Structures are given as structure tokens and as C-alpha cells.
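Residue numbers begin at 1 in each chain, while the letters A, B, ... track the order of the sequences. Computed from a predicted model, the values in this text were never measured in an experiment.
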Protein chains: 2
Amino acid sequence: MEEPRKRARPGRAPAPPGGRTSRPRQAEVAGLAGVSQATVSLVLGGKKQGVAISAETRQKVLEAAHRLGYVPDPAARRLAAARNDLLGVFSFTATFPTDVRHSYYPFLVGVEREAAARGYDLVLFTGSSSGGAGAGGPEALSRVRLADGCLFLGRHVPTEELRRLVTDGFPVVHVGRRDELEGLAWVGADYVSASHEVVTRLAALGHRRLVLVREDDEAPASTDREHGFLKGLESAGLPAGPEAVFRTAAPESTLTPERLRRWLDEGVTALVAEETDTGGPWRALRAAVREAGLDCPGELSLALLGSPPADLAAEAVPTGFDIPRPQLGAAAVRLLAALVAGEDAEEPLVVCAFRPGATAGPPPHRP
Amino acid sequence: MEEPRKRARPGRAPAPPGGRTSRPRQAEVAGLAGVSQATVSLVLGGKKQGVAISAETRQKVLEAAHRLGYVPDPAARRLAAARNDLLGVFSFTATFPTDVRHSYYPFLVGVEREAAARGYDLVLFTGSSSGGAGAGGPEALSRVRLADGCLFLGRHVPTEELRRLVTDGFPVVHVGRRDELEGLAWVGADYVSASHEVVTRLAALGHRRLVLVREDDEAPASTDREHGFLKGLESAGLPAGPEAVFRTAAPESTLTPERLRRWLDEGVTALVAEETDTGGPWRALRAAVREAGLDCPGELSLALLGSPPADLAAEAVPTGFDIPRPQLGAAAVRLLAALVAGEDAEEPLVVCAFRPGATAGPPPHRP
DNA sequence: TTGTACGCGTTATCAG
DNA sequence: CTGATAACGCGTACAA
């Protein structure tokens with residue numbers, strides 16, 4: 001007696017309206033190939049070790065799978081304690097922000113390339129929205145467990161939710177240094193070294209008094225830059241007191257042409273801005289220099305610890321460094337892949353290349 | 001006698017590396033609350049359907065769930081629900097091209113927003129990927145079956161593979177008109193109407209002889225623009241013969257300043273370029289005008305049927321129309337969601353807004 | 001070498 | 001209103 005191969009689902013939700021044929025399952029492949037479902041699993045699962053399958057059977061299975069367009073169900077794979085070759089990408093803000101100033105795009109370029117190279121597909125968890133799946137509940141982050149592991153972008157990822165994933169042993173990589181959460185893996189740009197080098201270069205040009213302009217928060221990216229900046233000053237034997245750092249919550253209003261002139265009068269010959277999401281400090285700096293009618297780099301050298309905002313791309317290339325965002329993305333994927341495979345973490349810092357630019361030169365001669 | 005709550009998994013794969021503690025399951029919540037697992041599912045599932053739960057029981061369950069820190073397993077949930085709330089996005093080229101000229105970004109903005117609003121997550125497939133998951137062969141397209149449905153980007157999606165998906169009843173939406181494949185759902189911009197309107201506006205400015213510069217292929221996006229262009233000429237009572245369309249396979253070599261001058265001599269006062277991936281025609285047009293030393297729009301009006309390439313964004317805004325890419329992405333998701341739900345298709349065309357720009361004005365007086 | 005039996009954590013039905 | 005029970009699709013010891 002043959003069992004009915006395809007009895008109607010007993011008492012379950014009705015088949016999808018529209019008479020759609022459902023995704024083929026291993027059982028159907030098995031039927032078509034004349035083998036058992038387990039055999040199909042063995043063949044398609046690509047398990048190299050131990051079990052051997054006759055070439056003939058394997059061929060039949062592969063053929064049937066192809067004919068049916070079989071593709072494994074990722075949820076079922078996960079559930080069966082296997083892997084589904086899916087890596088998650090979760091950003092608390094939109095992954096594709098409309099505000100292009102602050103875009104993950106270059107980063108995603110690297111993520112996609114590296115993931116593809118390693119045979120992973122990417123799942124974008126739309127966590128930002130207020131819609132159905134992404135509703136703000138504590139379960140919002142939990143959806144990522146569908147994937148083998150997940151990348152987190154942005155500084156606003158809720159710590160508690162993240163901690164839960166980490167303590168559960170779910171492979172997680174945060175993009176950007178994040179030390180407050182014990183055991184959280186992260187990758188980041190080496191802002192310290194890069195900022196250090198910028199100062200070194202400026203010093204080599206002859207600058208003796210530099211000021212760093214930064215926003216007034218405690219983001220790791222900011223403190224790292226300041227740290228590197230100060231270390232750079234020390235290495236060059238330059239004054240690294242508190243007056244070398246200008247903190248402001250509102251660069252555009254406090255960074256006036258007058259402020260600029262005062263610095264010049266005090267002997268400052270180079271100003272260094274940190275990069276932020278909005279490009280605030282750099283924007284303000286450029287504006288102030290313009291208003292003050294100063295020649296850059298003739299009368300004053302400028303440097304930017306990062307890349308300029310997209311809308312300022314047409315201006316003179318700032319001296320500073322480039323964050324290799326694609327490489328950063330690739331590094332994040334490599335680390336995540338390592339975690340998924342149960343391997344150990346690798347170097348989390350990627351180095352930033354110095355960018356000579358055109359906004360810094362020798363300091364002016366001052367009598 | 002109590003059953004051992006947590007017997008070691010019988011003969012299964014060793015626990016994930018890192019000795020991770022397994023999360024509580026509904027069964028454990030049930031145990032703590034003194035109810036059955038099914039009851040837990042009912043309470044936590046929030047299904048209002050028919051069944052009512054005593055306030056007391058509900059409370060107990062919620063409390064237990066909270067105490068244990070229960071979070072549902074998305075894999076199990078999606079497996080049981082026979083859907084995974086995943087929409088695929090497949091692009092034959094990289095989804096995040098390094099060549100920014102031709103970028104899906106604005107489109108993805110809309111896709112992400114709409115998908116999030118509807119509770120879908122996104123799976124990114126890369127046709128070009130060479131890794132284990134995405135071997136470049138003809139199987140590449142088959143991977144998308146992992147999702148509930150899939151969006152296809154780019155004109156190079158292989159027809160045969162697509163047909164296979166369509167005939168299998170797998171929900172597919174192609175972005176860009178695509179009529180040669182019976183039954184394939186698509187969304188696209190209404191190039192015909194938009195191009196028509198551009199011509200109408202130029203005619204209203206006083207132009208009487210226009211020429212369309214387009215590439216020499218048969219992409220629907222190109223033929224639609226030509227169609228609208230010609231219809232626009234007819235509506236305005238202007239000559240719409242074959243001399244009104246200039247086809248070129250390599251615009252930069254054939255669109256010479258001399259060609260331009262000849263058109264002017266023939267009485268042409270406005271040139272219209274189609275938008276392409278590379279921006280070729282528009283690029284060539286601008287270059288030729290510059291080389292010819294012509295004043296635009298003083299001596300010659302230009303229009304672009306679409307948006308300028310990113311690297312030309314700094315130049316004068318071209319008269320023409322904007323393709324509302326985010327809306328297009330949103331429309332694609334809406335359509336796909338409808339197909340997944342077994343509903344009927346909606347209007348596939350999104351309208352493009354006219355962009356006045358600065359490259360068109362009244363024609364010069366010619367004696 | 002291949003088939004059988006079971007479990008992963010949920011959801012949904014049906015009998016108490 | 002609640003508790004068994006049967007899938008969902010797949011991976012994997014273990015028996016055949």
C-alpha cells in the first residue's frame with residue numbers, strides 16, 4: 001500500500017490563495033528520485049564525512065532537485081540546528097537612509113562582496129521602521145536569530161537587547177567600537193593611529209600649535225580620535241593641554257570667524273576637525289574660514305579626521321584620512337563568519353589610509 | 001515523578017561552541033506557569049481568534065514568560081507558519097555596485113521602507129556571487145525560492161530562469177517593464193507620459209524642431225521614451241519623422257560638435273537625451289555643446305529624460321523629469337506583497353514628475 | 001549504502 | 001477554556 005503522497009494538510013491553514021504551488025520539499029524530491037527523504041538530505045546537505053552515497057543515487061537526487069527547483073527552507077534548517085548560510089544585517093536606523101550624508105552604502109559594498117565570496121546571503125532586518133515586523137518591542141532584535149549570525153550598525157542599538165543575544169551565544173558583530181558590553185565582538189576603524197598620523201604629518205610640515213574641533217559627546221569614535229590626536233601631539237613634542245581640544249555641541253554657532261582669528265593670534269596654525277554623521281565640525285570650520293576671508297592652506301591649515309560629507313565632495317579635498325568602509329564591511333563579515341564557525345576572533349581594527357589632500361601646507365611665516 | 005526537564009540532546013550535534021545556554025522554550029514557560037505549552041502559545045501569540053483565555057491564566061503565563069526572559073524562536077515560528085516573511089531582492093549585478101553611477105540605492109530606500117511597513121525582511125541575492133551559496137550557474141536564480149517572493153532588478157535577468165519561477169507560481173516582480181514574458185508581474189516608471197510632457201513643455205517654449213538622442217538598443221525603457229517623445233511631437237503638431245530620433249551605439253564618438261551645428265543649421269533648437277545606466281547620451285550631449293562653445297539654453301535647449309548621473313550632479317540641473325525611485329521601490333514591494341498574499345496586481349506604473357531645470361528656455365531668434 | 005525514527009520550537013486543530 | 005496531538009521541513013543517529 002502506498003501512502004498518499006500529498007494528502008491535504010490536515011486541519012491546517014488553507015493553502016495559499018491563488019492555487020499557488022508550494023515550495024518543493026525534500027520529501028517531494030525524494031519521491032521523484034525514488035529514494036527516502038533522508039537520502040535527499042544527505043545528498044543535498046553536502047555532508048562529506050562518513051556516509052557515502054552511490055554516484056547513481058546522488059545523480060538521481062540532484063536531477064530531481066533541479067527539476068523541482070528545490071531550495072532548502074532556511075527556517076527549517078535553522079530549527080534543525082544546522083546553518084542556513086544567512087547573515088543578518090540589522091541597523092537601528094534605516095539601512096538605506098534618505099539622508100545621504102549618513103549612509104551605510106560604502107560599508108554595505110564590502111559586506112556584500114565578502115559575504116558573497118564566502119557563500120552567504122544577506123538578510124536585511126528592517127528594524128528601523130514602526131511597521132509590523134519591526135515594532136519596537138523587545139522582540140524586535142530577536143528576529144535576527146533566523147540567520148546564522150548578525151551584523152549591527154549604528155550607535156543606537158539597544159544595549160539590553162544586544163546583551164541578550166550575546167549571552168545566548170548568538171554570533172553578533174557590532175560595527176564600531178563598543179566596549180561597554182562585555183563579550184560583544186566588534187570591528188572598527190583605527191581612529192587612534194590614523195589621527196595620530198595626521199598630527200605627525202602636520203607637525204612635519206612645521207605646525208607647532210594645533211587645535212582639534214570635536215562635538216561634545218562621548219561616542220567612542222570621537223574619543224578615539226581625540227586620543228590619537230593628543231598622542232600625536234605628544235609624540236611630536238607639541239603642547240597637548242586642554243586648550244588643544246575645542247568641544248562644542250553646536251559647531252555652526254560657536255565656531256565663528258572671531259574664534260578662528262583668536263586662535264591665529266594665539267599662534268595656532270592648523271585646525272583639525274573630527275568627522276561626524278552630519279559633518280558638523282568640518283562644515284562649520286569651512287564656513288568660518290570662508291567668512292573670515294582666510295586663505296587655506298596659505299594662512300591656515302585644515303585637516304579632517306575622516307571623509308567629508310557627500311555634499312562637500314566638490315570642494316578641495318581635505319587633508320586627513322579615509323575610513324576604508326568597504327574593507328570595514330568585509331572585516332565585519334569575516335569576523336562574523338569566524339564566530340559562526342566557532343572560531344576565534346581576529347584583529348578588529350582596520351587601518352585608515354592617510355589622505356594628503358589640499359587643505360594643509362606649511363604654516364605661514366609669522367614675524 | 002517529574003520528567004527530566006532537560007535531558008541532554010540524544011545523540012545530536014554537540015552544543016554550539018562557547019557552551020551557550022539554551023534559551024527558554026514555551027514548554028518551560030508552561031511548566032512554570034502550570035499550564036500546557038499550547039496555552040502559552042495562545043497567550044503569547046496574541047491571537048484574538050475565537051479562543052478566550054482567563055485573565056488569571058494569561059497573567060500567570062505572561063509573568064512566567066517574563067521571568068524566564070522568553071523570546072520566541074523566529075525560525076520555529078516561521079516554519080510553523082509556512083511562510084518566512086522574507087522578500088528577496090535579486091540583482092544580476094551587485095546590489096551595491098561600486099560604480100555609483102548606476103546604483104540601486106534610491107530604489108532600495110523605498111523597498112526597505114515599504115517592506116518594513118509591511119513586516120517583511122529582505123534577503124539580498126547577488127547574481128554575480130561566486131561563493132558556495134550562489135554558484136554562478138543557472139542555479140543562481142533558484143536560490144531566491146528561499147524567500148516568499150522576489151524582486152528582480154536590472155535588464156539582464158535571464159528570461160528562461162525567470163520563466164521557470166513564474167510558471168512555478170513563485171511570486172516574482174520585475175522592476176522595469178518586461179512584456180516578453182507572459183505572466184511576469186512588473187512595475188515601472190511611466191516613461192511614455194513623462195517623455196510626452198517634456199516635449200509638450202519644450203513646444204510650449206516655442207521649440208519647433210526637436211531631436212531625441214538615444215542609444216541603439218531595444219530596452220523597453222528606451223523605446224518607451226521614444227514612444228512618448230514621438231507622441232509628444234504629434235500632439236504638438238511638430239514633425240515626428242525618423243530624422244527626429246538619433247540613434248547611436250557610441251554617443252561619445254558620433255555626437256560631435258559638427259553634428260550639433262548641422263542640427264542647428266537645419267533648424268533644430270532643442271535636443272533631448274534619454275537616461276541610461278551610464279548616462280552616455282547626456283554626457284555626450286553636454287560635452288559636444290561645450291566643445292562647440294554653444295550657450296545653453298541661450299542658443300540651444302537641452303532636456304534629459306530622467307536624472308543626470310551622480311558625477312554630473314554639480315552641473316546645471318537638466319530640464320526633464322525625475323524617476324521617483326523610492327516610490328518605484330515601494331510600488332514593487334506592494335505588488336510583490338500582493339502576489340505573496342495571493343491577491344491581484346495593482347497599477348504597475350508610477351508617474352514621473354516634470355523637472356523644470358535650467359537647460360531649456362525659449363529658442364533663439366533666427367533670422 | 002539507504003531507510004526509519006525522532007526532535008528542533010511553534011502554530012493550529014480538536015477533543016475534553 | 002485547556003490540554004493532547006499533529007504537522008511545518010530538515011538533520012542525523014541507528015537500524016536494516
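The side chain to side chain donor-acceptor pair (under 3.5 Å) search around Arg164(A) returns Asp168(A), not counting sequence neighbours. Shown here are the side chain to side chain donor-acceptor pair (under 3.5 Å) partners of Glu182(B), two or more places apart in sequence or in another chain: there are none. Residues meeting the side chain to side chain donor-acceptor pair (under 3.5 Å) test with Gln26(A), sequence neighbours left out: Gln37(A), Tyr70(A). Every salt bridge (Lys or Arg N to Asp or Glu O under 4.0 Å) that Glu180(B) has, sequence neighbours left out, goes to Arg178(B). Judged as a side chain to side chain contact (heavy atoms under 4.5 Å, CB included), and not counting sequence neighbours, the contacts of Ala64(A) are Val29(A), Leu32(A), Ala33(A).
In this entry the distance linking CG of Asp73(B) with P of dG9(D) reads 16 Å, nearest Å. Atom CG of Leu146(A) and atom C1' of dG9(D) are 14 Å apart (whole Å). A straight line from NZ of Lys60(A) to C1' of dT1(C) spans 12 Å, rounded to a whole angstrom. For the pair Asn84(B) CG and dT10(C) P, the computed distance is 17 Å after rounding to whole Å. Taking atom CZ of residue Arg23(B) and atom P of nucleotide dC8(C), one finds them 13 Å apart after rounding to whole Å. For the pair Arg145(B) CZ and dC10(D) P, the interatomic distance rounds to 13 Å; values are reported in whole Å. The CD-P distance, from Gln37(B) to dT5(D), rounds to 13 Å in whole Å. Atom C1' of nucleotide dC8(C) and atom CZ of Arg78(B) are separated by 17 Å, given to the nearest angstrom.
Closest to the side chain of Ser54(A), out of dC8(C), dC8(D), dT1(C), is dT1(C). Nearest to the side-chain atoms of Leu42(B) among the listed nucleotides dT5(D), dT10(C), dT2(D) stands dT2(D). When distances are taken from the side chain of Ser36(A) to each of dG11(D), dA12(C), dG3(C), the shortest belongs to dG3(C).
One finds a side-chain N or O of Thr57(B) lying less than 4.0 angstrom from the OP1 or OP2 phosphate oxygen of dT2(D). Remark: Gln26(B) is in phosphate contact with dT11(C), judged by side-chain N or O atoms under 4.0 Å from OP1 or OP2. Residue Thr39(A) places at least one side-chain N or O closer than 4.0 Å to OP1 or OP2 of dG3(C). When the side-chain nitrogen and oxygen atoms of Arg77(B) are compared with OP1 and OP2 of dT11(C), one or more of them lie within a distance under 4.0 Å.
The pair Asp73(A)-Arg145(B) fails the salt-bridge criterion, with no side-chain N (NZ, NE, NH1 or NH2) lying under 4.0 Å from an Asp/Glu carboxylate O. A salt bridge is absent between Asp85(B) and Arg78(B): the closest approach of a Lys/Arg side-chain nitrogen to an acidic carboxylate oxygen does not fall below 4.0 angstrom.
Among the heavy atoms of the strands, none lies under 4.0 Å from Val40(A).
Mapping Ala76(B) and Val35(B) onto DNA chain D by nearest heavy atom places Val35(B) closer to the 5' end of the strand.
At its two ends the helix from dT1(C)-dA16(D) to dG16(C)-dC1(D) runs along axes set 50° apart, each axis drawn from five pairs and the angle rounded to 10°.
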